[in-house]
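Right, one structure below, let's go through it.
Just so it is clear, the model here is predicted, and its values are computed rather than measured. The basis for the numbers below is simple: all heavy atoms, side chains too, and nothing from hydrogens, waters or symmetry mates.
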Amino acid sequence: MTAGSEAVQDLLPLVFAAPNEALTKAESVLRDRPEPLHASVAHQVIGIWQRDFGDMRLALRHLRRACDWAARAGSADREADVLATLGVALVHSGRTRQGLDALGRGVQRGTGHTRARVLFRRAYSWWVLGHHREALEDVRRAVPVLRQAGDVIWTARALTLRATVHLALGAVERAEADFASAEDLWAVTDQEHDKADAVESRGLAAFRSGDVPAALRLLDEAEERYAKLGTPTFMLSIRRCEVLMAAGLAAEALAEADTAIAELDALGGQSTRKAELLLAAARAARQADDPATATARAGLAVRLFAGQRRAWWEAHARLVLTGARHAAGKRSGRLVRDAAAVAERLVELGAPAAPEAFLLAGRIALDLGRTADAERHLAVAARSRRNGPPLARMTGWAAQALRARAAGSTRGVLEACRRGLDVLDDHRMTLGASELRARATAQGAELAALAQQAALRSGGPRRLLVWSERWRATALSAPPTRPPADPELLSHMTAYREIAARAEEARMEGRPVPALEREQRRLERAIRSRTLHMRGEAHGDDTRFDVGRLLERLGDGVRLVELAVVDGRVQVLLCGQSRVRRFEAGLLAAAETEAEHVQAGLRRLAHPGAQARLPVVEAAGRRLEELLLGPAAAHLGDGPVVIVPPGRLHRVPWALLPSLRERVVSVSPSASSWLRARETRPPRGGRQVLVRGPGLATGGAEVTRLADRYRGATVLEHRDATVPRVLTELDGAGLAHIAAHGTFRTDGPLFSALRMADGPLIVHDFERLGRSPYRIILSCCDTARFATVGADELLGLVTALLPLGTAGVVACSAPVNDAAVVPLMLALHEGLAKGLPLPEALRDARSAMPDDALHRATGWAFTAFGAT
């Protein structure tokens, strides 16, 4: 390209269509000593590229040169256009006054069509600064002129900006209309970067309208488009953080924000974006219960926003800072005043976050006993409960619940909590992925805790049971959405299995695997991303939990023990014989500590020669029973017992507790889940499926013996035990027994796996089953381990099976001795052959084992889940 060609003028639209190509051509123009007009264009293109994707210092240097060359060219419109670009760059670098001055001079110098483009860029700067009314006014003046000039690209940009401003002000319908109009215009252009930005903006609109899966899908699509162009965008990270937090993925949002900050610093990029990323990190840290990090990030964001004269953003950062200080335990009248001042400022700015600030002020005032102040602030916050997005309405219902508690109205507290959790349920069921459903429940933790406290104070154990069930294991009320065919997801899962198998083989041979591990992590991200995009289709269990129905199903012989935790103490709700009784036990924190000691003891007992540790483990079991059951242990009767523990106690080996050691015991995530399992009917002509994975110390010895017992059973072993074949046979089976190495992934519970001949069979695979086996026995380590997420939800292998039609599971919560497992499993199946339910067959199998430490520990490590 030569400086004298007319193509130089095309570089400006090219910088938003193919930015890197435009940069290369602009640098080529400057090497040919161009005339002033062309030099101005080339420097402006380089300045735009550096402003948006590189070093702000270089951007300002090139844009100032562009201004000088425009003045030499004697073109007022050229000078106005460059001044507008320079003004935006100055605003992004934190030099707000200079930036607005440059933009003002650009408006004065420009005429007609050029002036409209300058007005658009000043509107964009007003939006960056949080001056939304001024932004809308400049866009209002620009759009008609741009349309009249037939300027498709700039009209689309202006409509996209107007939509984004509407979103900031909470006007979602107006925003969606503008986005739709802009999208129609982008369709007839080749502005690929602008199109990627439009997809990103649509993702934000989807989020604001409450569609989290669509938001995640659109943001991922935008990221792919930017990646093809080689143009990093930090606004995408900011928006993704917001969506991740709404999905309950606060730790991931914090990691993304911190990574983007480091990348931005390395580039010397926009100061405005750094401040926004710091705010996103602060919000994420606050949601992740890390008030120290939240305070540090928010404090720095406040200082940056103040220096940039961005009042809108500064107010939001002060809200997070005040909330983080409160979460860190600070209580003072000054903190109430700070929260109230932020709330009033947000009202002045027209920010939708104002109710959140009033709720915070009211909460702090309540902590200090200042009920009049609290009522004033909470009453304002409660107004948001009637309309708006789900999380805003939940803020309003939380405020209403606190008002009722302060007024001493138990009925008012419970009604507000019920309404708020109904909003959360509606939102949760729009999510297709089980992980998102589980994590989203964290948004209702405060409402659920308030309701349980009120129910406990009212003295009725039935009421406490209802509210304990209201928020327990809700993600298991319906199976996750399973798209009938997603070729890309299936391709990713096949590749993941192959890579994981190759990595495992390399490790066993002592070869390095860093490249394979990187590819495995990439595929994990791709699989997870595809599953998070799924929108919910199931409506869950619309039937509210009915205590009478539960008691009827329990009859006189079965006891159900639900452990509710209120203010850190375990409340034992003993159900049976047509009544619910409440007993108070120990502190949850102490029980968790004791449970860890027990798990450590079981790990030691899995090795021969640890007989001396047995009394220590049994003593820990006695202490654990006192903490978890307390006086209720003496009222369990003689029949079967169903334990419904909180999520943080699901690894307890319940059969070790003295009062449960000789009983028929099963565990369920909730009483509702137990009822569903109890009422699940086995498939007609239920097939038996026996699976033996590779690498077992005993060679999966029980499978060979069981094949003789179950004549006609499908036996999958050696090369036949591949994931696709195993899934095909498991679908709709009556009984499945899987002997395979199990691994639990704390960093990604849905990638917990059973090792098959062709690689790992992961939880995501099980979620693709039409109906999981009616009964399934997992005779391997760590299959009964879970990750506790959300309010009180569990993610793991067993919890993936229960919503898919499985009525009973036997799984292991600790490492066990492979040789000792074989006789236990054979005895278990002997009981099943007699027609016994799984929990009873497991009890009898334990009692049939030798009375040494190794076999006793093996029996204690296995638990029956479900109802049959």
Exercise for the section: Show your working on side-chain hydrogen bond (donor to acceptor under 3.5 Å, both in side chains) between Thr322 and Asp338 and close with a plain yes or no. Expected result: CA-CA 7 Å; Thr322 306; Asp338 288 346; 5.2 Å; no

Between side-chain atoms of residues 274-284 and protein atoms elsewhere (two or more places apart, or another chain), which donor-acceptor pairs fall under 3.5 Å?
from, atom 1, to, atom 2, distance (Å)
Lys274, NZ, Asp265, OD1, 3.2
Glu276, OE1, Arg273, NH1, 3.2
Glu276, OE2, Arg273, NH1, 3.2
Glu276, OE2, Arg310, NH2, 2.4

Practice task
May I have the step-by-step check of side-chain hydrogen bond (donor to acceptor under 3.5 Å, both in side chains) for Glu469 and Ser672, ending in yes or no?
Solution key: CA-CA 7 Å; Glu469 280 292 298; Ser672 300; 2.8 Å; yes

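- Comment: Glu252 engages Arg528 in a salt bridge, judged by a side-chain N to carboxylate O separation of less than 4.0 angstrom.
- Taking 4.5 Å as the limit, every side-chain heavy atom of Phe358 sits out of range of all side-chain heavy atoms of Leu378.
- By the ring-ring contact (aromatic ring centres under 6.0 Å, His included) test, Phe305 is found to be paired with Trp313, residues two or more places apart in sequence or in another chain being considered.
- Checking Gln308 against Thr272 by side-chain atom types alone, no donor-acceptor pair falls below 3.5 Å.
- The closest side-chain heavy-atom distance from Trp186 to Thr160 is below 4.5 Å.
- Between the CD atom of Glu375 and the CG atom of Leu366 there is a distance of 9.0 Å, given to the nearest 0.5 Å.
- Under 4.0 Å is where a charged nitrogen must lie from a carboxylate oxygen, and between Arg174 and Asp178 no such pair does.
- Taking 4.0 Å as the cut-off between side-chain N and carboxylate O, Glu221 and Arg225 count as a salt-bridged pair.
- Residues meeting the side chain to side chain donor-acceptor pair (under 3.5 Å) test with Arg370, sequence neighbours left out: Asp373.
- Within 6.0 Å of the CZ atom in Arg418, the count of heavy atoms belonging to other residues, nucleotides or ligands exceeds 12.
- In this structure a side-chain-to-backbone donor-acceptor pair under 3.5 Å is present from Thr295 to Pro291.
- Comment: Arg121 does not engage Asp138 in a salt bridge, judged by the lack of any side-chain N to carboxylate O separation of less than 4.0 angstrom.
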